[in-house]
Amino acid sequence: MFYRLSGIHHTRYESARQLWPIPMDRWQIYVLLALGLAAPLLFSGLYLTSYLLPWLIMSAAALSLTLLMGIAGQLHFGFAAVMAIGAYSSIHLVRAGVPFELALLGAGAIAAVIGSVFGAAALRVKGLYLVMATLAMQYLVDWTIINVPAISGGAQATLQTPAVRFLFMPLASDVSRYYLALGWVVLVTLLILNIKRTSLGRALVAVRDKDFAAAVIGVDTVKYKLLAFFTSSFLGGVTGAVLAFCYYRAVTPEQFTFNVSIQLVAMVLVGGLGSVLGAYLGAGFVLLVPIVLTNVVAFLAGAGWLSVSTNLLAHIPLMVYGALIIGFLLFEPLGLAKIYDNIRNYFLVWPFRHSRS
Amino acid sequence: MKRFIKGLAAAAVLTTAGLGAAQAQKAPIKFGLLLDFTAVYTFLTNEYSQGQRDYLTLINDQGGINGHRVEGIVVDHGNQPQRGIEAYNRVSRDGAVLVDFLSTPVSRAMVNRVLDDKIVMITALHGRGDASDGEVFPYIFPLMATYWSQAALLAEYIEQHGGGLKGKKIAHVYIDSPFGREPLPILQDLAKEKGFDLRTFPYASPGNEQSATWSEVRRFRPDYVFIWGAGGGQSVSVREAIRNGIKPDQILSVVWLAETDMRTVGEQRAKGVKRFEAVATGTDLPLIKEILAKVVDAGKGAGPRENVGTTYYNIGVATMAASVEAARLALEKFGAPLTGDKLRQGFEMIKDFDAQGLMPPVTFSQKDHQGGGRGRVSQWNGSAWEPVTDWHAAYQELVWREIHRDSAKFKESR
């Protein structure tokens, strides 16, 4: 019904191969993009800066990680460290007088180089062993930042982001910061969607599914594994810089700890490995559900419906959150994106009962 | 008809006037107490928050501040900056004039925001030490002795009561985080100036396992040991120190060492351990007695009675006592409605306020937001913390040199 396929004839290769060949999908994207563009008019400052903005930036981070974990199949448990490298590099570059636009690219490049060095471990090890190698990266980067005052910013270990301009626009208001984040996440989304349907994407998937089988059919696994780490770390580094400049406005080592890496992995897994939509849903779930739950519980307590100690009150959201994660993954192990996909598949053939996948 | 409209208008005027008066009388003052109940600071948040809320209940039962109730909005942020930002945006929209995060990472991420929004942020015993410089950080109040002042005071204690600093070997054993490293510049400067031998020994966060570090400390044979951690790591430090042949009275701790830690180590075993104290501990204080009588025994307490008078409970009471005093001064001088800017000036009017002996007398000014940096050293006597010095400050010129050095850097980058 909604996803009507009848009457849609692709008469040229370009139209059949476009990103969203079904009009319904295309319209959804247009509506979402329009919503994103109009958000500063639709939402108050509170929702724009404390919900939408972090959600978009963390979606970009989850997208960068899903390229590595979902598409190329290389586990990475130190992605917060990659973002930290990007954030710190960008601030130090801007302070050294580099224009912000170039500093963003530089942050990505530095993160990509360091990320690929650790990613080189992936050439030898797989699975849990790779997790250990990336964990080492997390702790080494944390240690370096904390112990080198030139990086962390002295005894207070806090670096304020300098005032910058992006393409001649001063990045001074919430709205301008929001649009920069929106622009970045749209760019990353388009990039990942396109990577998935190019030879690079297919090679990465081949490496993910069986690396020696990929080698047999002529895919250079060394090259593609390194390429996956390089690309993903580049995107992660720029996202870290965007996070620092658009959202936190001050970086401290605690913003990029191991917990954040785990949250990023959780975003990718809860959303659905390798799915672009899943990165958005996963980031939204991991980032916003605890906040919403805390507010709901606080509201209930304020209305007098929950009279328990403050300590228990603070922990109720955590319990519900944990139960929700388990619940969603039991309901659909392939993640939130798969739930949407199931609904879409149902409507693709509705009113008939069976969909192909 | 005309009369009806006139009557309606009169009624409307009356109601608005009445409502206005009622509102002026009631308009509550909102404090955002956005704390970490679930992640890293759990070791103190419960008691701290209980103290804050009990004190606010006491004030509100007495009619508030000149008729204004003080409303504490308590929210958990789990030590995550993004949740802290959300909570902050929410309470600032709701009109909060003061925020307290009790979390160094979160409050550091907030510095630019509160300075832009002109909302007072109190950072008692956490946050940036250089925020004591009120000229650079007009809306941030560390309220109590910063970590730099604490380190200076502990060193001064050795100079005065521990046989002088000259030639002594002092080990600084700290959690490997920005917090643990914070006192290093002060200690290094002091070592140079006073001629003692300072060695630093980091242990990995969160500090449940420190044995490797302490066997190194043992080889150094220190005369005194500073332990600089928080939460569970502190009792591990004390236990490991004693096991490695360091006598309890050679151990001096940062402010984060409480009754529970001593119980974990063993009350008798830890006898003699000293710590920095920013706020008096115990229930034998006029203000705490008043809270016990009017709030806790009246059944309005925010938590269990046995928490009243603990180290962290009293710190919570002290933060709110100073904040309420500032709000009172601001309202007296400028009148309602209270804004962040008025509250800041209220803080800067506080002179020699000691909350009836609960805390050292603090005086804030436009320049000094630390309030003098006073504190005292107290010693565990096997069942309670016993003060061994009077309230005083130490080497403040050195501390302020450090404060100015860092705040200048901040100013430059802002």
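Naming convention: chains lettered A, B, ... in sequence-line order (proteins, then strands); numbering from 1 in each chain.
- Note that the OG atom of B/Ser205 and the CH2 atom of A/Trp143 stand 15.0 Å from one another [nearest 0.5 Å].
- When every heavy atom of A/Ser50 is checked against every heavy atom of B/Glu86, the shortest pair comes out as CB-CA, 3.4 Å.
- Here the CG-CG distance, from A/Leu53 to B/Asn89, works out to 10.0 Å after rounding to the nearest 0.5 Å.
- Using a 4.5 Å cut-off between heavy atoms, A/Pro317 makes no contact with chain B at all.
- In this structure, CG in A/Asp142 is found 10.0 Å from CG in B/Asp176, a value given to the nearest 0.5 Å.
- Closest non-hydrogen pair, A/Tyr51 versus B/Arg90, comes out as OH-NH2, 2.9 Å.
- Ranked by heavy-atom pairs shorter than 4.5 Å toward chain B, the options A/Thr161, A/Leu318, A/Asn295 are led by A/Asn295.
- For chain A, the option among B/Pro105, B/Ser177, B/Gly127 with the highest count of heavy-atom pairs below 4.5 Å is B/Pro105.
- A/Gln160 contributes atom CD, which lies 4.0 Å from atom CZ of B/Phe410 (distance to the nearest 0.5 angstrom).
- If you measure heavy-atom distances from B/Asn79 to chain A, you find no contacts under 4.5 Å at all.
- In this structure, B/Asn112 contributes its side chain and A/Arg249 its backbone to a donor-acceptor pair below 3.5 Å.
- Scanning all heavy atoms of the two residues, the minimum distance from B/Asp76 to A/Thr294 falls at O-CG2, 3.9 Å.
- No more than 12 heavy atoms of other residues, nucleotides or ligands shown are found within 6.0 angstrom of CE on A/Met132.
- Atom OH of A/Tyr247 is separated from atom CD1 of B/Ile85 by 4.0 Å, given to the nearest 0.5 angstrom.
- For B/Asn46, the part lying under 4.5 angstrom from a heavy atom of chain A is the side chain only.
- The two atoms that bring B/Arg108 and A/Ala250 nearest to each other are O-CB, 4.1 Å, heavy atoms only.
- Residue A/Thr252 touches chain B through its side chain alone, counting heavy-atom pairs closer than 4.5 Å.
- Partner of A/Leu287 under the side-chain contact (heavy atoms from CB on, under 4.5 Å) criterion, chosen from B/Gln82, B/Arg83, B/Gln80: B/Gln82.
- The shortest side-chain heavy-atom distance between B/Pro178 and A/Pro253 falls under the 4.5 Å cut-off.
- For B/Arg53, the part sitting under 4.5 Å from any heavy atom of chain A is the side chain, from C-beta outward, and nothing else.
- Heavy atoms closer than 4.5 Å to chain A are found nowhere in B/Val106, neither backbone nor side chain.
- With a 4.5 Å cut-off on non-hydrogen atoms, A/Asn147 touches chain B through its backbone and its side chain both.
- Nearest heavy atom pair, residue B/Arg93 against residue A/Tyr47, reads NH1-CE1, 4.2 Å.
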